[in-house]
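Counting starts at 1 for both ligands and their atoms, in listed order.
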Amino acid sequence: MRILVTNDDGIHAPGIALLEEIAHQLSDDVWVCAPSDNQTGAGHSLTLSMPVRLRKHAERRWSVTGTPTDAVSIGLKHVLDTPPDLILSGINAGANLGDDITYSGTVSAAMEGALAGIRSIAMSQVMKQERPAWGDRFAAAREWAPKVIQPLIDAPFEPRTLVSVNFPCLAPEEVQGMRVVRQGFHDYARASVVEGRDPRGQRYYWFGLDAIEHTPDHGTDLEAIADGCVSITPLQLDLTHHSSLAGLAQRFGG
Ligand code: MN
């Protein structure tokens, strides 16, 4: 089984090192093609206004000076001679829950994989700012990711679908199990924006990633994480709101 590992935190992030370790437990044909720098928040963007450079770090280990989508796309077209059987994206340092998904480079890398017809799984480790009592911030992912990936390896994936996984911010032995759940929504989302002045007196704005308030709906990823479970959410690229189609068509004479 050939596995392509990518992420949005960049090739030097600890989460991708862990994901490579986990991939090597599954296969000896593991490739990495990831952004050279942190691309958190890049969503599904492509680099169009400047060239992207591809750099070889080691045998089967490459980075691109672009977004997670660039990395998957260039990985598939210019790094691998035959397509991978599986794309693993992550492990992101931070949650990708609810309506975080469209901002997420981690999930978008897996979307790009799904568009290419490849089984793709995004993985994110929920974190708090302070270091946890159990030390390793990725401890839950380290223990639980193999348990999540194994059943997904031969599970049927519909075309243009992917799976997004979040690990709760708990010591591995405190994790309450795995739940397949739908995407939830935050009550009030959007990062805070801090306004400041740079050393030359120019105003700047900087997005923060505060904990977002929410009352999780039943059966959602947010609820699963709040209950201490690993959340497993199948996602689709079709963003059409199907039940609005007929009503809207009527307004346009359809
Ligand atoms: Mn990230």
Quick check: is Ile121 connected to Val230 through a chain of hydrophobic side chains (ILVMFWY, heavy atoms under 4.5 Å apart)?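 Val230 and Ile121: one cluster.
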
Determine which of the N, O or S atoms in Asp8 is closest to the Mn ion (ligand 1) and give its atom name.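 In Asp8, the heteroatom (N, O or S) nearest the Mn ion (ligand 1) is OD1.
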
Out of the N/O/S atoms in Asp9, what is the name of the one closest to the Mn ion (ligand 1)?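 So the atom name we want here is OD1.
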
When rounded to the nearest 0.5 angstrom, what is the spacing between CD1 in Ile232 and NZ in Lys147?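 These two atoms lie 12.0 Å from each other.
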
Distance, nearest 0.5 Å, that separates CG of Asp198 from CH2 of Trp206: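 Here the interatomic distance stands at 11.0 Å.
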
Within Asn92, is some N, O or S atom less than 2.8 Å away from the Mn ion (ligand 1)?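 Checking Asn92: at least one N, O or S atom is under 2.8 Å.
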
Of all the atoms in Thr106, is at least one N, O or S atom closer to the Mn ion (ligand 1) than 2.8 Å?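 No, outside the cut-off.
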
Check this for me, if you would: do Asp81 and Arg2 make a salt bridge, where the nitrogen-to-carboxylate-oxygen distance has to be below 4.0 angstrom?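 Salt bridge between Asp81 and Arg2, a charged N being under 4.0 Å from a carboxylate O: yes.
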
